[in-house]
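Report on one structure; see the data block that follows.
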Amino acid sequence: MNPEIRRFPDLKELGRAAAAFIINRSEECVRERGVFTLVLSGGKTPRTLYEHMARPPVSAMMPWAHTHLFWGDERCVLPDHSDSNFATAFQAMISRVPVSTQNIHRIPAEARPPEDAAEAYEKILRGFFKTHFNSDSHLPTSAEGNPFPSFDLILLGVGEDGHTASLFPGDDVMEERKHWVAAVRPRNVSPPIPRITLTLPVINMAGCVMFMVSGAGKRKVVRSILEDPDKAGRVYPAARVRPRHQLLWFLDNTSA
Ligand code: 6PG
């Protein structure tokens with residue numbers, strides 16, 4: 001499937017458009033299945049989107065009662081730490097909207113060792129999908145015959161090195177084909193701490209993936225991925241993201 005590329009004059013307009021897309025998609029999913037599974041991205045870029053989604057009238061348009069929130073990755077810190085992806089989303093959006101705590105599926109990244117945190121999150125995901133989707137519609141199997149969850153929408157960012165979620169270039173986790181969640185200990189990244197991440201098969205089993213990218217430092221990576229994803233995929237994990245139905249790139253004018 002060819003990616004849909006949309007460019008915006010700034011991060012604010014990107015956030016508005018992303019919120020509109022999320023609301024439309026959530027309404028479709030709730031109409032069809034009564035639930036919307038949304039995986040939130042980490043990093044700083046999505047903050048503007050989260051703040052926009054927390055403000056009326058947008059916040060009143062989201063079917064929060066039927067929306068379940070997950071994370072694509074998390075740093076191994078406490079959930080109120082300034083480096084925590086959960087903390088970013090909680091402060092900017094979750095604390096300001098009527099989403100039930102039962103619908104917030106946080107990565108318990110503070111568990112030690114990180115491998116225990118990854119195992120615990122995979123257990124949370126398996127339990128959720130078993131409870132909410134009795135048919136296999138949302139547990140399709142990979143080419144290797146392993147079942148993976150199909151999230152309705154996964155939000156992702158891209159690093160200047162082409163990483164996405166916490167899938168970093170050259171990391172063995174790129175070859176994971178069985179587990180849904182993994183612990184990684186990336187080198188030369190900021191902050192230099194272990195992370196928990198969804199694996200590539202989970203990301204690619206999603207109905208839709210939306211990259212949100214801002215920053216001139218990512219321009220080279222973005223251009224390389226959009227020009228030749230197969231060639232870029234030999235180096236950049238973000239180029240290996242190929243969701244089942246729809247791939248969106250929302251770019252602000254600094255990153256395109
Ligand atoms: C993380 C993210 C990571 C992020 C990119 C872009 O935990 O850091 O999940 O993949 O999306 O590094 O980050 P910025 O949006 O801050 O540039």
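Values in this document were obtained by computation on a predicted structure and should not be read as measured data. Just so you know, ligand 1 is whichever comes first in the structure, and atom 1 is the first atom listed for that ligand.
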Next on the checklist: Classify the ring geometry of F86 against W71: parallel below 30°, tilted from 30° to 60°, perpendicular beyond 60°.
Outcome noted: tilted
Checklist entry - In the protein, what heavy atom is nearest to atom 17 (O) of ligand 1, and what distance, to one decimal place, separates them? => result K218 NZ, 2.4 Å
Next on the checklist: I need the nearest protein heavy-atom contact for atom 13 (O) of ligand 1: residue, atom name and distance, please.
Outcome noted: G43 CA, 3.8 Å
Checklist entry - Quick one: nearest non-hydrogen protein atom to atom 8 (O) of ligand 1, plus distance? => result R75 NH2, 2.8 Å
Checklist entry - Parallel, tilted or perpendicular: which fits the ring planes of W180 and F148, with parallel below 30° and perpendicular above 60°? => result tilted
Item to check | Protein heavy atom at shortest distance from atom 9 (O) of ligand 1 | outcome: D73 OD1, 2.7 Å
Checklist entry - Numbering the atoms of ligand 1 from 1, which are under 4.0 Å from a heavy atom of S41? => result 11 (O)
Checklist entry - So does E13 pair up with R16, basic N to acidic O under 4.0 Å? => result yes
Checklist entry - Has ligand 1 got any nitrogen or oxygen that is less than 3.5 angstrom from a nitrogen or oxygen of P46? => result no
Checklist entry - Taking only heavy atoms of G157, which atoms of ligand 1 are found under 4.0 Å from at least one of them? => result 11 (O)
Next on the checklist: Distance under 4.0 Å to a non-hydrogen atom of K44: what atoms of ligand 1 satisfy this?
Outcome noted: 14 (P), 15 (O), 16 (O)
Checklist entry - Within the distance-only criterion (no hydrogens, no angle test), does the side chain of S95 pair as donor or acceptor with the backbone N or O of F90 below 3.5 angstrom? => result yes
Item to check | Between F70 and F128, ring centroids under 6.0 Å | outcome: yes
Next on the checklist: Surrounding CD of E27 (heavy atoms of other residues, nucleotides or ligands, distance under 6.0 Å), is the total greater than 12?
Outcome noted: yes
Checklist outcome for this item: One finds that the ligand 1 atoms under 4.0 Å from a non-hydrogen atom of R195 are 1 (C), 7 (O), 8 (O)
Checklist entry - Do I23 and V58 have side chains that get closer than 4.5 Å, going by heavy atoms? => result yes
Checklist entry - Side chain, backbone, both or neither: which part of V158 comes within less than 4.0 Å of ligand 1 when only heavy atoms are counted? => result backbone
Next on the checklist: Are more than 12 heavy atoms, taken from residues, nucleotides or ligands other than R112, located less than 6.0 Å from that residue's CZ atom?
Outcome noted: yes
Checklist entry - How far is atom 12 (O) of ligand 1 from its nearest protein heavy atom, and which residue and atom is that? => result H163 NE2, 2.7 Å
Item to check | Close-contact set for ligand 1 against N85 heavy atoms, below 4.0 Å | outcome: 1 (C), 7 (O)
Checklist outcome for this item: Contact region, T45 to ligand 1, non-hydrogen atoms below 4.0 Å, reads both
Item to check | Nearest protein heavy atom with distance in Å, relative to atom 10 (O) of ligand 1 | outcome: A165 O, 2.7 Å
Checklist entry - Do E122 and K178 sit within salt-bridge range, that is, some charged N less than 4.0 Å from a carboxylate O? => result no
